[in-house]
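To start, the structure under review is shown below, and the notes come after it.
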Amino acid sequence: MIDAPVAVKLAGIWKRFPGVIANSDINLDVRRGSVHAIVGENGAGKSTLMKILYGMQKPDEGTIAINGNEVIFHSPSDAIDAGIGMVHQHFMLADNLTVLENIILGSEPTKRGVINQQTALTRLTQLAQQYGLDVPFNSFVSELGVGARQRIEILKVLYRGASILILDEPTAVLVPHEVDELFSALSDLKAEGITILFISHKLDEVLAIADEISVIRAGSTVATVDPRTQKVSADDLAEMMVGSELPTPETRGSTVTDEVIIDVRNLSVLTAAGKPLVDDVSFKIHAGEILGIAGVEGNGQAEIVDALMGIIKSSGVLIYNGGDISKWSTRKRREQGFGFIPEDRMRQGLLLEAPLWENKMLGHQTLKPNSNGFLLTPADAKNDTARIIDEYDVRTPSIDVFASALSGGNQQKLIVGREMSSDPKFLLAAHPTRGVDVGAQSAIWDHLRKARESGLAVLLISADLDELIGLSDTIKVLLRGKFVADANPVTVTPQELGTAMTGVKKSDGIEAAS
Amino acid sequence: MNTKSPSIRIFAFFISAMTLLSISRIFADTNDLTSRGTMAAAFGLAVPIGLAGLGGLWSERAGIVNIGLEGMMILGTFGAGWAGWQWGPWAGVLGAVTFGMLGALLFAIVTVSFGVDQIIAGTAINILGLGLAQFLAKLAFSNAPGGGQSQSPPVKGLLPSVTIDFIADPLNTLQQKGWFVISDLAGMFSGLFYHLSYLTILTVILFVLTGWTLWRTSFGLRLRSAGESPSAAETLGVNVIRYKYIAVIISGSLAGLAGAYLAIVGTNVYRGGQTAGRGYIGLATMIFGNWRPMGTGIGATVFGYIDTLQLRDNANIRGLVLFGALVLIALAFLGLRSGVRATSLAFLIIGSALVGGFLASTNMAPEVAQVAPYVTTLLVLATASQRLRPPATAGMAYRKGESH
Amino acid sequence: MSRQKILNSLAAPLLAVAFSLVVVTIILFAFGSNVFEVFNAMAVYGTSPRSLTLMLNLATTYYISAVAVAIGFKMNLFNIGVNGQYMLGGMCAAAVAGSLNLPGVVAIPITIFVAIAVGAAWAGVAAWLKSARGVSEVISTIMLNFIALGLISYTIIRTNVGRPAALNVRGTEIIPPNGRMVGWNLLSPSIKVYGFIIVAILIGVLYWFVLNRTVFGYDLRASGLSASAASASGVNSKRMVVITMLISGGIAGMVGLPDLLGNDPYSYTLNFPSGYGFTGIAIALLGRNNPIGIAFGAILWAFLDVSSQILDIENVPREIVTIMQGVIVLAVVVAYELVRRNRVKSEQQNVGEALAQKESSAS
Amino acid sequence: SSSNNDAGADVKVGLAYDTGGKGDGSFNDAAFAGLTKAQTDLGVEFKEVEAGLNSTDASREELLRLLADTGYNPVIAVGFLYGTALGNVAKEYPDVNFAIVDSVIDSPNVASLVFAAEQASYLVGVIAATASKSGRIGFIGGMEIPLIKNFEVGYNQGAQSVNPNIIIESKYMGPAGDNTAWNVPEKAKTATEGMIAKGVDVAYAAAGGSGLGMFQAIQAGGGPAKGLWAIGVDSDQYTIPSLADVKDVILTSALKRVDVSVYEVIKGVVDDAPLTGVQNFDLSRDGVGYATSNSSVEPFKAAADAAAEKIKSGEIVVKTAE
Ligand SMILES: Nc1ncnc2c1ncn2[C@@H]1O[C@H](COP(=O)(O)OP(=O)(O)OP(=O)(O)O)[C@@H](O)[C@H]1O
Ligand SMILES: Nc1ncnc2c1ncn2[C@@H]1O[C@H](COP(=O)(O)OP(=O)(O)OP(=O)(O)O)[C@@H](O)[C@H]1O
Ligand SMILES: [Mg+2]
Ligand SMILES: [Mg+2]
């Protein structure tokens, strides 16, 4: 394997953006038929490097050689022609087009300009069977969940007959069982001699699948290791990446009290067509308790959160501090101590084209220090923003820059800081550390733990099962809008939890839902 | 009901509507409601609106909101008047398309290449189109015999129009019998074959061609992908910028063609102010039609139909009121059966009120007729449930290589 | 820093005006006019005291119209219906004002109130259609513009509200002198600056204050920047649509008042100027929905409109000014876009540098 | 220009049209005809201006003021929309002679040129009713403003004087205030087609540029060969170059001799005897009438002329709208 010829050779790649050097003198050899993993903290330059290889960006310096031939890519179509395919970190799909259209776009089988659907369908059905990538070809993408979307992305690449596959964080949104399916497909591909470049922040996955691992730090390659021959652990990798140890989300000791903060009874959310998305769910959270909800994305987590925030219509009773608040508006809920870290910060958490200090007011605009309920108090708000920037280590030159100028991790820190500063009694935290690097991750975990100690009730939703198990006092498993199992975070393993999420079977750490 | 196939349901729906229309015609005593002349004229008034709507559709499908249709249409009327006066009607059509395209090209440069706000750019194009057309008209027509500062001399000759007599005439005879439903159907279909301008035929072809191109060809898929997810398209090697340019330019040529219809078929001169806001109404029919050619065409035809009704005969509007009432009452009964109480009751009340209005009025103020097309549009939109699916990135600027 | 900022925000519009001058020069040159003479005539005529007064008066109207549009734009509502709203509001206000015989301090506020109420009510139809029935306000306001014309025509021709105002002119009862808001001879002895300019300035100040200093304004801007984020922050988006539309319509209702209360014939006639609504859209865009920007936009637009009067006398088609206005709008947005890109770039650069500094100081 | 007579060589005439005026083939073109006649006959110089789109009273006033200011005398405003504006300017320039069409301004230096359009309409109404075989005639109006309503009222009265049972279909192209109503010939065409479908065989339009649509519909319906006739307005539309394509269907036109009035105003200034006060251009002064350039109108002339005599003598009083 190690002796296989080099399929991709990146030599002396430099790429500079205004104010940052994304890649500085990167050298990388990827052997044919191998899985080559690339790891590095957020912003290390991984995606940039892959975009360069895929012709989306031009390197400032350096050369690319494919199968020994030096190439210059002007656009992705050049790269596609050279047999390269890329699955992007963020889905590159058009919601209002069908699955089939999304896949064949740009390489449609045509007869005098007219798309030959049948040809495409035949070929795709065969590909889908071969690699176990099952998707409904005639559905609109908007109707599908993340797992199916990821399969579409891979089919897109395979359909073009790529021999070199770039996968940029393909597992970030997948649950363990889906990850397994993906890996088995990757093994098949590898067996056919296809070369795979694989990026992930989940180091155990990397160790499980990679033939070679390159570590990128601050834009340069710092090491390339062979996990098959060299003994490396996740901790070793993390240390190479950031120069520090891997943080853990472990919480010590229970702070759960008897005081029920939030009591949800028979919560249901229906689609416009009357289909239940959340189906008669009940639970309680006490002061000082973190309740984790595990579940494959799209099983009703987002709807529970939105319903509790009063953003969408729901039925059922919501008791907060002993009073029925089912009729409260979102605003009233926020004023009375609901904190909210949304799953999609771009969509629900930020005003991208507004300065940081105005973003700091968002969700708390009726409260001190942002306003007196009617008039804004910008001076106080600015001071408080400066404090948050400082306390939460948000890296920015000033509080006047637009939120869009911050990196994802720093945006998230701002949101966490903002929500914690309003002294919430009940916090809804959805994927609080998604896409955030290890340093910022541990800081956010620290803040959650501290708040919990001081009596905060937290509803935690996370696809990161380590995080969920580590932080939660109680875990409930959500499937098709219903709680199907309870898990004891002290004993349950991520594998068990992941299995329970797909509704397959029960094991030690898992009990039937109470 | 639900088990029937869609085509049977559409047919049943159509026949029910025709039945109600026929009842209205008889009670309102206005045969013109479904006459061949009405239908032919309705198509005539619908064509410029429909073409503008189709233009909007092309551009929005590629992600560019085109408020500037009105301005491109104005440029089209000038191009038609000027070239038509010099070299005849077909040259006029070409002139209109060219002028519309030039407006669109400018629009594309600022929206696609510079990525400025599309609403602003469209508004600017409307101002610019108006100014340019009037400026050029003053220079070109002021001293021309038969022309004036804001009117061109007549277009040289007429565009031919066709009537397929052996279909149109028997149908028309049938219509004049006044038979229940049958005559109505005959009249409306007869209108399809009567006094059709070549431009009308071209318009129908363009609608069909648009649907076919956008949804059946690879060109169309790529163009739509530029409006649905340009970043995805770009990663698959689609030249998004090029497709956006093409879409906007086609959009402008269709708007120009709409102008040509007004200046060559609707009448035979360019006149300042001739577009009368039809670019905006076209945009409305496109939204009404859910960004699809069929829906846009229906929207434009309904609008043209009602405008024709009121223009041809005030009595028609009484028929229309009765028709609206009957439709609402029918919807109310259907709704009650499937348990949609509140809305059905509202429909029932409004419907009954309309019947009352119909019975009480023998003579309506002309204003009622004049605003009928606009009121009807609002009523249709308010009663129809709106499940619109605009292209996902319509209105957003797209910059190459900046997708995350 | 702040001077730099001012320079930056001025650079774009100035460049745009200059660019449009170049375009117009080329056009004029191509058609054989004496470019210098034309511009000179416009400048001389346009800066005479009379013209300046007319400019202020026209700008007053434009300003109100543009603010009405801008407040909708701030939350991505496209109120194309200002035209219908001001015409209907103006007619009702004129009818009421004409029937009142009260001292000005009472009559004028009543007139203004009626205009606001009617404009808001007419916009309210579109607001209801959008929030309750999901009808795009773009369509509904276009339709409502036409329907408003029908209503006005009906009222003035067929009801007692209308009466012959002069030979061949029909309109509402003439507003008695008490109810007028004529103004002052500030610049020229022969012509008055509309008294309503005070109200326009007030509207601008209020607009700025509400938008930037109140929670409501914050909610509104947030809704415009991101509807989903606003709703997660506790903004009731349907209510926001309704309120904003009502405010926009209320302001729009006043667009006709400067002319109505400040100029002959002190009556809403069937020839009342139409089209201020569409000009308002352009000016709101030109001024980037900013109260000061809109003021500059309105004054520039009005200056061009007024000074273009001389062109007929100079044998140049007056439409050259319309072309110029269109080019200015286009050029301004292009210039702003370039400035914006620059800003984003430098901001990211700053962020990058801040990051790098912290990193190096940390290690 | 070549002038046979240069008595007016030092007279500079300023003429202001309203928005989109010149080239309408009717009213404004009539004013232009008067102007050109004055140019050839009297050798005057002139300047034409036009109100812009969305003009206000203030902007119209400036236009007139500019003319007066730059030495034009007389200054003639074509259209009642200039009423308020001209009233103000005339006060400020007492030494300049002003004239306005279709409006009345009470000022010593203003000639108010008013036309008995209802009388002309009465005459064409007589012709229409006489020419109609079906007993149904039509009227197409631009907007239902008082000025246009007068045409309709006179037309109806004339037609009913011939045939009391006559049915008159009437349609306006838009609500009052909708300025597009003057520019939508295709709508006038549709309306006329509707009338023809109901049996109308003679139609009369007072709809500005939209009137063209009526001519086209009558022509498309078969025209004189099928007994269909159209009646024009203001100018003798049979002779207007831009209408040459459809002239065959124009039986006659109700004339509003704006050309005569404009010429008289200019002549008055040239002769140092400026016209002032209300100048009533009615039948007795030949200020209105009907056109006879299409010889097809011969058979109906007798009836029309008889009616004209009765109007002049006061035996018939033609009503107006208000
Ligand atoms: N188009 C761009 N313009 C400006 N800067 C950019 C651009 N793309 C990337 N960067 C910068 O380059 C650096 C490397 O980014 P890149 O996306 O490659 O990181 P990454 O290693 O993929 O991080 P992550 O793990 O978060 O995906 C980032 O810090 C970012 O600041
Ligand atoms: N396509 C792009 N165009 C412009 N700027 C970009 C682009 N991608 C990233 N940036 C800029 O690069 C910077 C970092 O972006 P990114 O989200 O990749 O950060 P990161 O380094 O991964 O940070 P974190 O570790 O906090 O997640 C930001 O300033 C962002 O605005
Ligand atoms: Mg990142
Ligand atoms: Mg990345």
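To find a chain, count down the sequence lines: A is the first, B the second, and so on, and within it residues start at 1. Here the structure is a predicted model, which is why all the values come from computation and not from measurement.
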Any donor-acceptor pair under 3.5 Å linking the side chain of [X] with the backbone of [Y]?
X        : Y        : answer
Lys46(A) : Gly40(A) : yes
Gln57(A) : Gly55(A) : no
Asp78(A) : His74(A) : yes

Heavy-atom distance under 4.5 Å to chain B: side chain of [X], backbone, both or neither?
X         : result
Leu97(A)  : side chain
Lys111(A) : neither
Arg112(A) : neither
Phe140(A) : side chain
Ser142(A) : side chain

Top residue by heavy-atom pair count (under 4.5 Å) with chain A, among Thr393(B), Val238(B), Leu221(B)?
-> Leu221(B)
Could you give the distance from CD1 (Ile64(B)) to OG (Ser251(B)), rounded to the nearest 0.5 Å?
->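 Here the interatomic distance stands at 10.0 Å.
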NZ/NE/NH1/NH2 to OD/OE distance under 4.0 Å, Glu228(B) and Arg61(B) =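 Yes, Glu228(B) and Arg61(B) are salt-bridged.
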Do you know which of Asn102(A), Leu93(A), Thr110(A), Asp95(A) has the most heavy-atom pairs under 4.5 Å to chain B?
->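 The residue among Asn102(A), Leu93(A), Thr110(A), Asp95(A) with the greatest pair count is Leu93(A).
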Residues, nucleotides or ligands: over 12 heavy atoms within 6.0 Å of Arg216(B) CZ |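 Incorrect, the count does not exceed 12.
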